[in-house]
**Student:** 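Below is a structure I'd like to ask you about.
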Amino acid sequence: MSKVRIKALLQTAGTGQEVVVSGWVRSRRGNKTISFIELNDGSTIHNIQAVADANLFSDEFLKDVSTGACIRVSGNLVASQGSGQAVEIQAKEIHIYGTADPQVYPLQKKGHSLEFLREIAHLRPRTNTFGAVLRVRHHLAYAIHKFFNDKGFFNLHTPIITGSDAEGAGEMFHVTTFDLKNTPRTEDGNIDYSQDFFGKETNLTVSGQLEGELGALALGLIYTFGPTFRAENSNTPRHLAEFWMIEPEMAFHDIEDNMDLAEEMLKYLVAYALEHCAADLEFLNKMYDKELLNRLRSVIDKPFTRITYTEAIEILKTCGKKFEYLADWGKDLQKEHENYLVEHHGGPVIVTGYPKDIKAFYMKQNDDGKTVRAMDILFPWIGEIIGGSQREEDHAKLLKRVEEMHIPQESLWWYLETRKFGTCPHAGFGLGFERLVLFVTGMTNIRDVIPFPRTPKNAEF
RNA sequence: GGGAAAAUAGCUCAGUGGUAGAGCGGUUGCCUGUUAAGCAACAUGUCGGAGGUUCAAUCCCUUCUUUUCCCGCCA
């Protein structure tokens, strides 16, 4: 007897062989003489139907084969007499690994709200929706590694605990072994971090970029793919306190190369998902967003629109649309502005050349003295899915910017040194992994594309 | 961090100043292969917590908690 997963079983052409399948019961229906068990093992969105004859299985036994129960079925794979499926298992033996009392098991056969499922995040992977989302998430993660590996990039593991707080990407979570009720103090009353585990103040990383640059200036092409932590009190469907980010960093790349790579990568990932997650995406398209597949295909088909920040402001000023906030050169683009730009161009838009005062210190300064070589990629509904830039490789210019923006340079000495020793043009960007999964799955809340979301006031599970 | 809405059965929601209802789910029964099966019957409950107004509060008021949405921060 062969022990197989359901995905493989549904693809086998032949019938007649004995098979063993283990999985979770999605539903059971039938009558006194026959029971039909929908079994899912997570390998695919599709279930296999197991048929239990009352001559072999008692009513009393089948009572425990209820929605949510985990069982192993052995029997013959046969052509189905019903119309809903090509093959089914004629059960000879059923072993119950674990029951799920129907009176208290929270998942029903019928649909649940996504809000409710968030409250039972320990069980929601057993639903069609989350099974699909988590499988797509996996394939995208794999595709990212494949994309970069195939291009000769090296995966660099940047630290999760960081001693630098100068990255400026957001509020940070402190890391300490202190007893918070009784922290050591210096003579002037401040917390004495010299007695803490690392002997200095440490935080969870908000970005691996600065360390990524160090790798790029040695290995040439690197990318990071790891957890990232932001202690911002962000209450939106697009923000997480703990999320995964992909940050490639490339030596000898300018802002144009950077855009080319980012666009190629996004298209590769969407195409990969369409090819490898067809069944799951079809399900999501049917259940949540009828335009999903069309939108995914449209992203692959045409080039992303590329405009400068200055052009974007011009478009927003002359479009005639009334905005709540006026678009004005020197100010950040509002959500409503981003939405307009994406709608106006009918797809992803890359905006470059932002005013230097609204961007980070490390971005390459343009000769105009006003703008930097930043790029944001704006996606429909999601907004900023990628943020990146060419980096300032000139030591004097970088140092000047660090001083202007009052960034403590003592903690960045190692970063600044790379511009003293064998500096070179380089560029990189950050892709929010969950925002990518959001776009590909058509989900609308980022809390539904990560197994156990961390958001303000929520760290359950 | 700013703003708005919401919290009633296991779930989705309706509802009323006199302590509550539907659909689904559940339980039981019927039906010889079903497809979110069908038919019938039954049971659902501190109406989010704490105060207050009132003869009486699930309903009105205050406050707290949580959730969702919009904005900001960003990926």
Side-chain angles (χ1 to χ4, degrees), chain A residues 26-38 46-55 59 63 66-68 78 80-85 88 90 100-120 127-128 167-171 206-209 227-247 262 287 323-325 331-339 358-360 376-379 382-388 429-439 444-448 450 455-458 460:
Chain A
R26 284 295 169 76
S27 82
R28 183 171 67 83
R29 52 180 176 264
N31 52 47
K32 267 218 157 109
T33 61
I34 192 163
S35 265
F36 302 94
I37 303 160
E38 291 283 340
H46 301 300
N47 304 323
I48 192 146
Q49 174 165 284
V51 184
D53 198 286
N55 293 325
D59 244 23
K63 258 179 94 164
S66 58
T67 301
V78 297
S80 178
Q81 298 173 35
S83 57
Q85 56 285 315
E88 63 192 19
Q90 197 67 48
D101 184 349
Q103 301 213 41
V104 287
Y105 184 64
L107 290 173
Q108 306 170 177
K109 295 180 208 174
K110 292 228 173 185
H112 292 286
S113 70
L114 294 170
E115 287 84 358
F116 172 68
L117 292 174
R118 268 172 230 151
E119 293 170 17
I120 51 166
T127 62
N128 285 334
E167 289 154 29
E171 292 295 312
V206 292
S207 165
Q209 180 202 315
T228 309
F229 307 88
R230 306 243 170 119
E232 300 286 348
N233 192 10
S234 299
N235 293 290
T236 82
R238 295 176 299 279
H239 288 85
L240 290 165
E242 176 184 290
F243 64 99
W244 291 68
M245 186 154 64
I246 296 94
E247 296 182 288
M287 299 301 285
F323 294 110
E324 195 177 335
Y325 295 90
K331 289 193 181 134
D332 231 331
L333 297 177
Q334 300 284 318
K335 192 81 175 49
E336 56 180 344
H337 300 149
E338 294 180 356
N339 288 346
I358 58 171
K359 288 292 180 182
D376 284 354
I377 302 188
L378 308 178
F379 258 43
I382 294 187
E384 189 179 341
I385 197 170
I386 278 181
F429 59 84
L431 166 70
F433 184 55
E434 282 75 18
R435 289 191 181 172
L436 173 72
V437 182
L438 208 49
F439 179 74
T444 53
N445 192 311
I446 203 163
R447 292 160 212 165
D448 298 328
I450 188 168
T455 52
K457 300 274 179 282
N458 176 35
E460 192 69 37

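Predicted model only: the values in this text are computed from it and were never measured. Letters A, B, ... mirror the listed sequences (proteins, then strands); counts begin at 1.
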**Student:** So what does A:Ser35 hit on the nucleic acid, given a heavy-atom distance under 4.0 Å: a base, only sugar-phosphate, or nothing?
**Tutor:**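 Nothing: the residue A:Ser35, judged by heavy atoms under 4.0 Å, touches no strand.
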**Student:** Less than 4.0 angstrom from a charged side-chain N to a carboxylate O is my criterion; do A:Glu38 and A:Arg29 meet it?
**Tutor:**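 Looking at A:Glu38 and A:Arg29, the cut-off is met.
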**Student:** With rounding to the closest Å, how many angstrom separate the C1' atoms on B:U67 and B:G49?
**Tutor:**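 It works out to 15 Å between them.
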**Student:** Check if the side chain of A:Ser234 and the base of B:C74 share a donor-acceptor pair of N or O atoms closer than 3.5 Å.
**Tutor:**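 Flag unset: no donor-acceptor pair detected.
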**Student:** Provide the Watson-Crick or G-U wobble partner of B:U67, both distances under 3.5 Å; none if there is no partner.
**Tutor:**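 Across any shown strand, B:U67 pairs with B:A5.
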**Student:** With both distances kept under 3.5 Å, what pairs with B:U53, Watson-Crick or G-U wobble?
**Tutor:**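 Its partner: none found.
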**Student:** Round to the nearest Å and state the distance from A:Glu38 atom CD to B:U34 atom C1'.
**Tutor:**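 After rounding, the gap between these two atoms is 9 Å.
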**Student:** Between B:C69 and B:G15, how many Å separate the two P atoms, rounded to a whole number?
**Tutor:**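 Approximately 23 Å lies between the P atom of B:C69 and that of B:G15.
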**Student:** Checking base pairs now: Watson-Crick or wobble, both atom distances under 3.5 Å. What partners B:C39?
**Tutor:**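 Base partner found: B:G29.
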**Student:** What residues form a side chain to side chain donor-acceptor pair (under 3.5 Å) with A:Asp53, not counting sequence neighbours?
**Tutor:**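 Side chain to side chain donor-acceptor pair (under 3.5 Å) list for A:Asp53, sorted by chain: A:Asn55.
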**Student:** What does B:C47 pair with, Watson-Crick or G-U, if both distances are under 3.5 Å?
**Tutor:**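 Paired with no nucleotide.
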**Student:** Report the distance from atom CZ of A:Arg28 to atom P of B:G38, rounded to the nearest whole Å.
**Tutor:**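 It works out to 15 Å between those atoms.
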**Student:** What contact category does A:Leu240 fall into here, base, sugar-phosphate, or nothing, at under 4.0 angstrom with non-hydrogen atoms?
**Tutor:**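 Base contact.
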**Student:** Rounding to an integer number of angstrom, what distance separates B:A56 and B:G21 when you compare their P atoms?
**Tutor:**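 Between the two P atoms, the distance is 24 Å.
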**Student:** Taking A:His112 for the side chain and A:Gln108 for the main chain, is one N or O donor matched with an acceptor at less than 3.5 Å?
**Tutor:**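 Yes, A:His112 side chain to A:Gln108 backbone: donor-acceptor pair under 3.5 Å.
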**Student:** To the closest 0.5 Å, what do you measure between CD1 (A:Ile450) and CG (A:Leu438)?
**Tutor:**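 It comes to 11.5 Å.
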**Student:** Starting from P on B:A37, measure out to CZ on A:Arg29 and report it in whole angstrom.
**Tutor:**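 Value for this atom pair: 4 Å.
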**Student:** When you measure from the side chain of A:Gln85 to the backbone of A:Ile48, do you find a donor-acceptor pair of N or O atoms at a distance under 3.5 Å?
**Tutor:**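 Checking the backbone N and O of A:Ile48 against the side chain of A:Gln85, no donor-acceptor pair under 3.5 Å is found.
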**Student:** Can a donor-acceptor pair be found, under 3.5 Å and without considering hydrogens, that links the side chain of A:Glu247 to the backbone of A:Gly430?
**Tutor:**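 Checked: no pair found.
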**Student:** Between B:A6 and B:U62, how many Å separate the two P atoms, rounded to a whole number?
**Tutor:**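 Going atom to atom, P in each nucleotide, I get 14 Å.
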**Student:** So, A:Ser35 side chain and A:Arg28 main chain: donor-acceptor pair closer than 3.5 Å or not?
**Tutor:**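 No; zero donor-acceptor contacts below 3.5 Å.
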**Student:** To the side chain of A:Val51, which of B:C73, B:C31, B:G33 is closest?
**Tutor:**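 Within the option list, the nearest is B:G33.
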**Student:** Would you indicate what A:Gln85 reaches in the nucleic acid, counting non-hydrogen atoms under 4.0 angstrom: base, sugar-phosphate, or nothing?
**Tutor:**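 Here A:Gln85 touches the bases of the nucleic acid.
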**Student:** Determine which nucleotide pairs with B:C73, using a 3.5 Å limit on both distances of a Watson-Crick or G-U wobble pair.
**Tutor:**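 The base-pairing partner of B:C73, which may sit in any strand shown, does not exist here.
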**Student:** Could you state the atom-to-atom distance from CZ of A:Arg447 to P of B:U66 in whole Å?
**Tutor:**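 It is 13 Å, rounded to the nearest whole Å.
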**Student:** Could you identify the nucleotide paired to B:U16, looking across every strand shown and requiring Watson-Crick or G-U wobble geometry with both distances under 3.5 Å?
**Tutor:**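 Across any shown strand, B:U16 pairs with none.
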**Student:** Determine the Euclidean distance between corresponding C1' atoms of B:A14 and B:U8; express it in Å to zero decimal places.
**Tutor:**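 Their C1' atoms lie roughly 10 Å apart.
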**Student:** How many Å lie between CD1 on A:Ile48 and C1' on B:U35, as a whole number?
**Tutor:**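 In whole Å, B:U35 C1' lies 15 Å from A:Ile48 CD1.
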**Student:** Choosing from B:U68, B:C71, B:C31, which nucleotide comes nearest the side chain of A:Arg118?
**Tutor:**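 Among B:U68, B:C71, B:C31, the one nearest the side chain of A:Arg118 is B:U68.
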**Student:** Using the test side chain to side chain donor-acceptor pair (under 3.5 Å), find all partners of A:Thr444 that sit at least two apart in sequence or belong to another chain.
**Tutor:**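 None.
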**Student:** For the side chain of A:Lys457, counting heavy atoms from C-beta on, which of B:C74, B:C30, B:U66 is nearest?
**Tutor:**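 Between B:C74, B:C30, B:U66, the one nearest the side chain of A:Lys457 would be B:U66.
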**Student:** Taking atom C1' in both B:C11 and B:G3, what distance in whole Å separates the two?
**Tutor:**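 My reading of the C1' atoms in B:C11 and B:G3 gives 30 Å.
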**Student:** Return no unless some side-chain N or O of A:Lys335 is found under 4.0 Å from OP1 or OP2 of B:C70.
**Tutor:**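 Answer is no, no contact under 4.0 Å.
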**Student:** Any donor-acceptor pair under 3.5 Å between the side chain of A:Arg238 and the base of B:C73?
**Tutor:**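 In this structure, the two groups form no donor-acceptor pair.
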**Student:** Tell me if a side-chain donor or acceptor on A:Glu232 pairs with a main-chain N or O of A:Glu171 at a distance below 3.5 Å.
**Tutor:**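 Yes, the answer is positive, given that a donor and an acceptor are paired below the 3.5 Å cut-off.
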**Student:** Establish whether the base of B:A36 is bridged to the side chain of A:Arg26 by a donor-acceptor pair shorter than 3.5 Å.
**Tutor:**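 Check fails, no donor-acceptor contact within cut-off.
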**Student:** Could you tell me how far B:C24 sits from B:G51 if I compare only their C1' atoms? Round to whole Å.
**Tutor:**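 About 37 Å, rounded to a whole number of Å.
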**Student:** Ring-on-base stacking between A:Phe243 and B:A75, under 5.5 Å between centres and under 30° between planes: is it there?
**Tutor:**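 One would call A:Phe243 stacked on the B:A75 base.
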**Student:** Within the 4.5 Å heavy-atom criterion, are A:Thr67 and A:Arg26 side-chain neighbours or not?
**Tutor:**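 A:Thr67 does not reach A:Arg26 side chain to side chain.
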**Student:** Is the phosphate of B:G33 approached by A:Asn31 (side-chain N or O, under 4.0 Å from OP1 or OP2)?
**Tutor:**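 Indeed, a polar side-chain atom of A:Asn31 lies that close.
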**Student:** Between B:C74, B:U27, B:U34, which one does the side chain of A:Gln49 approach most closely?
**Tutor:**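 Of B:C74, B:U27, B:U34, B:U34 is nearest to the side chain of A:Gln49.
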**Student:** Let's test this: given Watson-Crick or G-U wobble pairing with both distances under 3.5 Å, identify the partner of B:C24.
**Tutor:**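 Paired with B:C24, as far as the under-3.5 Å criterion goes, is B:G10.
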**Student:** Taking B:A9 as the reference, what is the distance to B:C64 when you measure between their P atoms (whole Å, please)?
**Tutor:**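 These two P atoms come out 25 Å apart once rounded.
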**Student:** Which of these nucleotides, B:C74, B:A37, B:U34, is closest to any side-chain atom of A:Arg230?
**Tutor:**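 Nearest listed nucleotide: B:C74.
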**Student:** What's the CG-C1' distance between A:Asn445 and B:U67, to the nearest Å?
**Tutor:**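 My rounded result for the distance is 11 Å.
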**Student:** Could you run down nucleotides 8-13 of chain B 5' to 3' and tag each one B, S or - for protein heavy-atom contact under 4.0 Å?
**Tutor:** --BSS-
**Student:** Heavy atoms, side chains only, cut-off 4.5 Å: are A:Leu107 and A:Tyr105 in contact?
**Tutor:**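 Result yes, sub-4.5 Å side-chain heavy-atom pair found.
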**Student:** Select one nucleotide: of B:G72, B:C69, B:A75, the one nearest the side-chain heavy atoms of A:Glu384.
**Tutor:**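 Of the candidates, B:A75 comes closest.
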**Student:** Rounded to whole Å, how long is the line connecting atom CG of A:Asn458 with atom C1' of B:U65?
**Tutor:**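 Going from A:Asn458 (CG) to B:U65 (C1'), I get 14 Å.
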**Student:** In whole Å, I'd like the distance from the NZ atom of A:Lys63 to the P atom of B:G29.
**Tutor:**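 These atoms are roughly 7 Å apart.
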**Student:** Could you tell me whether A:Thr228 contacts a base, only the sugar-phosphate backbone, or nothing, with contacts defined as non-hydrogen atoms closer than 4.0 Å?
**Tutor:**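 Since no nucleic acid heavy atom lies under 4.0 Å of A:Thr228, the category is nothing.
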**Student:** What does A:Gly430 touch in the nucleic acid at a heavy-atom separation under 4.0 angstrom: a base, only the sugar-phosphate, or nothing?
**Tutor:**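 Since only primed, P, OP1 and OP2 atoms lie under 4.0 Å of A:Gly430, the category is sugar-phosphate.
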**Student:** Under 4.0 Å between any heavy atoms, over every strand shown, what does A:Ser83 touch: base, sugar-phosphate, or nothing? Just pick one.
**Tutor:**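 Base: the residue A:Ser83, judged by heavy atoms under 4.0 Å, touches a nucleobase.
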**Student:** Taking the minimum atom-to-atom distance to the side chain of A:Glu88, which one of B:U34, B:U67, B:C74 wins?
**Tutor:**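 Nucleotide nearest to A:Glu88's side chain: B:U34.
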**Student:** Counting only N and O atoms by type, is there a donor-acceptor contact under 3.5 Å from the side chain of A:Glu88 to the main-chain atoms of A:Val78?
**Tutor:**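 Pair absent, no side-chain N/O of A:Glu88 close to backbone of A:Val78.
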**Student:** Looking across every strand, which nucleic acid part, if any, lies under 4.0 Å from A:Ile385 by heavy atom: base, sugar-phosphate, or nothing?
**Tutor:**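 Since only primed, P, OP1 and OP2 atoms lie under 4.0 Å of A:Ile385, the category is sugar-phosphate.
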**Student:** For the side chain of A:Phe36, starting at C-beta, report the closest nucleotide among B:C71, B:U32, B:U34.
**Tutor:**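 Among the listed nucleotides, the one closest to the side chain of A:Phe36 is B:U34.
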